Amino acid sequence: MNTELRQVTHIDNVRLGEDEKSVVIIDQTQLPNRTVYRTLRTAEEMFDAIRLLQVRGAPAIGICAAYSIYALARQWETGDYDAFAERFHAAKEYLNASRPTAVNLSWALGRMEGAVTAHAKSPVEEILNLLGRECRAIHEEDIAMCRAISEHGLGLIRDGDGILTHCNAGPLATSRYGTALGPLFLGRERGMNFRVFSDETRPLLQGARLTSYELQRAGIDVTLICDNMASIVMKNGWVQACFVGCDRVAANGDAANKIGTSGVAILAKHYGIPFYVLGPTSTVDLSCPDGDHIPIELRSPDEIREMWYAEPMALPEVKCYNPAFDVTDHTLIAGIVTEKGICRPPYTKSLAALFRDRE
Ligand code: MRU
């Protein structure tokens, strides 16, 4: 693999600190201009890192939360199981409230808490060791899932294809290859060439700041477009497939992802372009029947009114609506690419089968 590609796909975006009482992240809000590593020690720092999108992307949030709760637990000096479990539960609830939409957050924290409750009779020190293993397993499994998703996704496209993506579902948002961008990195590794169109992704510009940065650095042909240019790019015949990530996939296949994703899917349908959602099974929430049940995060109006601008671009009193995600209706999705393979409609059946296989 060439060095540039490796530098992008093998970054340590989230890791446990050497003392195992802290978590180290790349602060994604500083990219692409500065690569800043931040060490998170307190629960508040961990909560804020997720809330402020210093660490972002559904799988990365889950991994960060798992490492965070382990690092916090290592700091507590108690040998009493009940006191430990109570504190663990409070920390879990606190971290879980940092962002509502990506189910990976509660999934990872739930797995960590499961290790505590399943070993109620064990000494706290032993539970801590189990927790250390569990958070590392969550991370390692995500690496494997991203790699498998990349393989499955690569089978959907051909050398020379144009791919449109929205937001960032690459290595920074996940582990190693990423999900929606994974097939592109893997294909590049194998000598294939793609033309990628990266929506800038208003209002937080994950496409401009992160996706085009990752692809450009990896030597992949990427063109940055404003979100409202997706239609003309499709009309020009430059897009053969859309690849996007996801934050929560409901049992019927409705998929929440960064705001603007559903608009891309509607356009893709109009132009007859297949629209694929790529994500690990940790993002599938079978307890959620459909998109109407997915909680959608609302963020500060300042992200629309003034963030990024030298001076505000709207009156301070102007009313704003700033949902961070939208839900793409399952009827617009040609396939949901998971590590276990590609789910096709009807999703109620194909998604449920993913979990039956696991049993
Ligand atoms: O608000 P963000 O930047 O965390 O939103 C992230 C996305 O919408 C990603 O596409 C999603 O989490 C998938 S990351 C593999």
Side-chain angles (χ1 to χ4, degrees), residues 57-59 62 101-108 138 141-158 161 163-167 169-170 173-187 239-258 261-262 264-269 272-294 325-359:
T101 304
V103 72
N104 304 61
L105 180 61
S106 54
W107 171 85
I138 288 171
E141 286 166 27
D142 194 60
I143 293 173
M145 290 194 285
C146 286
R147 175 75 192 199
I149 289 166
S150 307
E151 285 285 1
H152 294 306
L154 187 56
L156 295 168
I157 49 178
R158 289 182 304 190
D161 275 355
I163 311 296
L164 187 136
T165 191
H166 190 79
C167 195
T174 60
S175 314
R176 302 272 164 96
Y177 290 75
T179 55
L181 301 188
L184 310 175
F185 290 118
L186 195 61
V239 180
Q240 279 64 57
C242 297
F243 277 4
V244 300
C246 44
D247 286 80
R248 191 184 299 241
V249 178
N252 72 341
D254 289 350
N257 191 52
K258 179 52 49 192
T261 303
S262 68
V264 173
I266 291 164
L267 287 175
K269 175 129 188 148
I273 298 165
F275 179 94
Y276 295 104
V277 171
L278 297 88
T281 44
S282 51
T283 308
V284 177
D285 182 3
L286 291 189
S287 73
C288 183
D290 55 41
D292 290 343
H293 291 81
I294 300 179
F325 299 93
D326 61 21
V327 175
T328 299
D329 196 87
H330 62 279
T331 55
L332 300 170
I333 302 173
I336 299 176
V337 184
T338 74
E339 76 279 9
K340 294 181 149 203
I342 303 171
C343 295
R344 301 282 187 179
Y347 292 113
T348 338
K349 280 196 178 147
S350 55
L351 289 171
L354 292 175
F355 295 89
R356 265 202 303 279
D357 292 353
R358 191 177 279 173
E359 282 155 16

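Note that the structure is a prediction, hence the values are computed from the model and not measured. One is the number of the first residue; the rest follow in order along the sequence.
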State, yes or no, whether a side-chain contact exists between [X] and [Y] at a heavy-atom distance under 4.5 Å.
{"X": "D285", "Y": "V249", "value": "no"}
{"X": "F325", "Y": "N257", "value": "no"}
{"X": "Y347", "Y": "I336", "value": "yes"}
{"X": "F275", "Y": "I333", "value": "yes"}
{"X": "P280", "Y": "E339", "value": "yes"}
{"X": "M145", "Y": "S282", "value": "yes"}
{"X": "F185", "Y": "S150", "value": "no"}
{"X": "I157", "Y": "I163", "value": "yes"}

Dump the intermediate steps for side chain to side chain contact (heavy atoms under 4.5 Å, CB included) on L186 and Y177, then the final yes or no.
-> CA-CA 7 Å; L186 195 61; Y177 290 75; 3.9 Å; yes
Set of side-chain hydrogen bond (donor to acceptor under 3.5 Å, both in side chains) partners for T283, sequence neighbours left out |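 T283: side-chain hydrogen bond (donor to acceptor under 3.5 Å, both in side chains) contacts with N104.
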Would you mind telling me which of T261, L184, L181 makes a side chain to side chain contact (heavy atoms under 4.5 Å, CB included) with T165?
->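 Exactly one candidate clears the test, L181.
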Is there a donor-acceptor pair closer than 3.5 Å between any side-chain N or O of [X] and the backbone N or O of [Y]?
{"X": "R176", "Y": "I143", "answer": "no"}
{"X": "K340", "Y": "L354", "answer": "yes"}
{"X": "D254", "Y": "H330", "answer": "yes"}
{"X": "R344", "Y": "A334", "answer": "yes"}

Do you know which two heavy atoms are closest between [X] and [Y], and how far apart they sit?
{"X": "G279", "Y": "T179", "answer": "CA-CG2, 4.2 Å"}
{"X": "A58", "Y": "A102", "answer": "CB-CB, 3.7 Å"}
{"X": "I294", "Y": "C288", "answer": "CG1-SG, 3.7 Å"}
{"X": "A352", "Y": "L286", "answer": "CA-CD1, 4.0 Å"}
{"X": "C242", "Y": "V264", "answer": "SG-CG1, 4.0 Å"}
{"X": "C343", "Y": "T338", "answer": "SG-CG2, 4.5 Å"}

Between T174 and D142, does a side chain to side chain contact (heavy atoms under 4.5 Å, CB included) hold up when you go through it step by step?
-> CA-CA 7 Å; T174 60; D142 194 60; 4.0 Å; yes
How would you list, by chain and number, every residue that makes a side-chain contact (heavy atoms from CB on, under 4.5 Å) with S262, sequence neighbours excluded?
-> D326, T328
Output the distance between atom [atom1] ([X]) and atom [atom2] ([Y]), rounded to the nearest 0.5 Å.
{"X": "I149", "Y": "Y276", "atom1": "CD1", "atom2": "OH", "value": "15.5 Å"}
{"X": "H152", "Y": "R147", "atom1": "NE2", "atom2": "CZ", "value": "11.5 Å"}
{"X": "Q240", "Y": "L156", "atom1": "CD", "atom2": "CG", "value": "13.5 Å"}

